[in-house]
Chemist: 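Sharing a structure here in structure tokens format.
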Amino acid sequence: MASREICLGIEGTAHTFGVGIADSDAKVLANEQSMYVPKEGGIHPREAANHHSEIAGQVIGDAMRKAGLSRKDITVIAFSQGPGLGPCLRTAATAARTLAISLDIPIIGVNHCIAHLEIGRAVCECSDPVLLYVSGGNTQVISYANGRYRVFGETLDIGLGNMLDKFGRDMGIAFPAGPRIEALASKGKKLVNLPYSVKGMDVSFSGMLTAAQQMKEESMEDICYSLQETSFSMLTEVTERAMAHLAKSEVLLGGGVVRNRRLAEMVGSMCADRGAKCFVPPPSLCSDNGAMIAWTGLIMHRAGVRMRLEDTGVLQRFRTDDVDVTWI
Ligand code: ATP
Ligand code: FE2
């Protein structure tokens, strides 16, 4: 019988320093985190990294206590190798290397976007989905084909979450602005005209951001409502087209923005119309989290992936389709 593997995963691509612990039954034993919130403006990478290094020891300790484990129970260490902000990635990688060396156990670098997909696939029990991954920094439509997760569509400029956060910042809404924009949007009634930018399978949001920032006459509720309706329709359109091209009948949502109920509702109704299924992981596993890194590291290790310390350098522009998916 294969022995039980337990992986501790460290997430640190951007504002969240997360530590998760998962076992080989896809059981999440712990998922602890601390988020860096800038005092004003956007994320400053160096400051976020300082936050991560200050709280790393504490979050690792919290996760171990939550899981009720001692250090010798951990059999693999995983960390978010990229894509993300250099200083944040390096801090998480350093914490992971330190643990792996001191415990004398293997270390695996994980692609952050793939981790969003793998944790969703495990907890929602879907098999071959199209992933709509929408976070602050990323907006991608991803699916498995011929040994790799391939990006079938993506943003040509900024991630949708960044767009919402930037709009929010201008309007005096604290970071992260998504939840407040969702609340305001629920009171909006009028659909105001905003650029609907779908180019083939790709989308772009900077034109919509500029147009919304320049609107003076409309109410905040109506602008937020229109931002959501327009951007979510764009994402629903490209997701549906990916499903049609690939003949796939499952959609999995991932990334912080899919905590938005209206987005899940729109993609869900598109799926219902096609006789397809839409899966939404619990909110704590949608946003950046350590559990998704732990679980992905664990399945990679089980599939025979091995990394030397020299292979664990961070990859700020780590592409989803750079990884050989040997575990499917
Ligand atoms: P990544 O590193 O993958 O780009 P991230 O650092 O942006 O991820 P996430 O936790 O995945 O982190 O996503 C955070 C984003 O999700 C923020 O932009 C935030 O405004 C947005 N968000 C959170 N809740 C909601 C919501 N209810 N509606 C819309 N957006 C939301
Ligand atoms: Fe993310």
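Counting starts at 1 for both ligands and their atoms, in listed order. Side-chain atoms are counted along with the backbone in the values below, which use heavy atoms only and exclude waters and symmetry mates.
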Chemist: Quick one: look up the protein heavy atom nearest atom 20 (O) of ligand 1 and list residue, atom name and how far away it is.
Modeler: Asp165 OD1, 2.7 Å
Chemist: Has His116 got an N, O or S atom lying less than 2.8 Å from the Fe ion (ligand 2)?
Modeler: yes
Chemist: Are Tyr36 and His15 close enough that their ring centers fall under 6.0 Å?
Modeler: no
Chemist: For atom 5 (P) of ligand 1, what's the nearest protein heavy atom and its distance?
Modeler: Asp288 OD2, 3.3 Å
Chemist: Using a 4.0 Å heavy-atom cut-off, say whether Cys113 meets ligand 1 through its side chain, its backbone, both or neither.
Modeler: neither
Chemist: Using heavy atoms and a 4.0 Å limit, tell me yes or no: is Gly159 in contact with ligand 1?
Modeler: no
Chemist: Identify the protein heavy atom lying closest to atom 28 (N) of ligand 1, giving its residue, its atom name and the separation to 0.1 Å.
Modeler: Asn260 ND2, 3.1 Å
Chemist: Run down the list Pro283, Ala48, Gly137, Gly136 and name the one with the heavy atom closest to atom 14 (C) of ligand 1.
Modeler: Gly136
Chemist: Give the atoms of ligand 1, by number and element, whose distance to some non-hydrogen atom of Ala177 is under 4.0 Å.
Modeler: 20 (O)
Chemist: Before signing off on this row, confirm whether Gly255 and ligand 1 have an N or O atom pair separated by under 3.5 Å.
Modeler: no
Chemist: Is there any N or O on Gly256 that sits under 3.5 Å from an N or O of ligand 1?
Modeler: yes
Chemist: Looking only at protein heavy atoms, identify the closest one to atom 27 (N) of ligand 1 and say how far it is in Å.
Modeler: Glu182 OE1, 2.8 Å
Chemist: Looking at His52 and Ala14, would you say the former's side chain and the latter's main chain have a donor-acceptor pair under 3.5 Å?
Modeler: yes
Chemist: Should the ring pair Tyr144 and Tyr149 be called parallel, tilted or perpendicular, given that the plane angle runs from 0 to 90° and is split at 30 and 60?
Modeler: perpendicular
Chemist: Under 4.0 angstrom from ligand 1, any heavy atom of Gly84?
Modeler: no
Chemist: Out of all atoms in ligand 1, which are within 4.0 Å of some heavy atom of Ser287? Include the element for each.
Modeler: 10 (O), 11 (O)
Chemist: For the 3.5 Å polar cut-off, considering only N or O atoms, please tell me whether Ala14 and ligand 1 meet it.
Modeler: no
Chemist: What's the shortest distance from atom 21 (C) of ligand 1 to any protein heavy atom, and which residue and atom give it?
Modeler: Val257 CG2, 3.8 Å
Chemist: Checking one value in my table: which N/O/S atom of Asp288 lies closest to the Fe ion (ligand 2)?
Modeler: OD1
Chemist: Considering the heavy atoms of Gly161, write down every atom of ligand 1 situated less than 4.0 Å from one of them.
Modeler: 18 (O)
Chemist: Rounded to the nearest 0.5 Å, how far apart are CE of Met243 and OG of Ser249?
Modeler: 6.5 Å
Chemist: Could you check whether atom CZ of Arg71 has more than 12 heavy atoms from other residues, nucleotides or ligands sitting under 6.0 Å from it?
Modeler: no
Chemist: Quick check: closest heavy atoms across Gly178 and Asp165, and the distance to 0.1 Å?
Modeler: N-OD1, 3.8 Å
Chemist: Determine whether more than 12 heavy atoms belonging to other residues, nucleotides or ligands lie under 6.0 Å from atom CZ of Arg306.
Modeler: yes
Chemist: Is it true that a side-chain atom of Thr16 and a backbone atom of Gly12 form a donor plus acceptor pair closer than 3.5 Å?
Modeler: no
Chemist: Counting from 1, what ligand 1 atoms have a heavy atom of Thr13 closer than 4.0 Å?
Modeler: 2 (O)
Chemist: Output the list of atoms in ligand 1 that are nearer than 4.0 Å to some heavy atom of Asn138, sorted by atom number.
Modeler: 1 (P), 3 (O), 4 (O)
Chemist: Which one holds for His112 and ligand 1: side chain close, backbone close, both close, or neither close, with close meaning a heavy atom under 4.0 Å?
Modeler: side chain
Chemist: For Asp222 and Lys189, indicate whether the former's side chain and the latter's backbone hold a donor-acceptor pair under 3.5 Å.
Modeler: yes
Chemist: Just to confirm my output: which protein heavy-atom neighbour is closest to atom 3 (O) of ligand 1, and how far is it?
Modeler: Tyr133 OH, 2.3 Å
Chemist: Under the criterion salt bridge (Lys or Arg N to Asp or Glu O under 4.0 Å), which of Glu229, Glu218, Glu221 is the partner of Lys190?
Modeler: Glu218
Chemist: Ignoring hydrogens and angles, tell me if any N or O in the side chain of Ser53 forms a donor-acceptor pair with the backbone of Asn50 under 3.5 Å.
Modeler: yes
Chemist: Counting both backbone and side chain atoms, is some N or O of Asn162 under 3.5 Å from an N or O of ligand 1?
Modeler: no
Chemist: Checking Glu11 side chain against Ser80 main chain: does a donor-acceptor pair fall under 3.5 Å?
Modeler: no
Chemist: Are Met307 and Leu99 joined in one hydrophobic group, where the rule is that I, L, V, M, F, W and Y side chains link up if heavy atoms are under 4.5 Å apart?
Modeler: no
Chemist: What protein heavy atom lies closest to atom 19 (C) of ligand 1? Include the residue and the distance to one decimal.
Modeler: Pro176 CB, 3.6 Å
Chemist: Minimum distance, heavy atoms only, to atom 26 (C) of ligand 1: which one of Ser80, Gly82, Gly178 is it?
Modeler: Gly178
Chemist: Write out the residue and atom name of the closest protein heavy atom to atom 1 (P) of ligand 1, then the distance separating them to 0.1 Å.
Modeler: Ser135 OG, 3.2 Å
Chemist: Could you say whether the N/O atoms of Leu164 and ligand 1 ever approach to under 3.5 Å?
Modeler: no
Chemist: Are Asp321 and Arg319 within salt-bridge range, i.e. N to O under 4.0 Å?
Modeler: yes
Chemist: Check whether Asp202 reaches the backbone of Gly153 with its side chain - one donor and one acceptor, N or O, closer than 3.5 Å.
Modeler: no
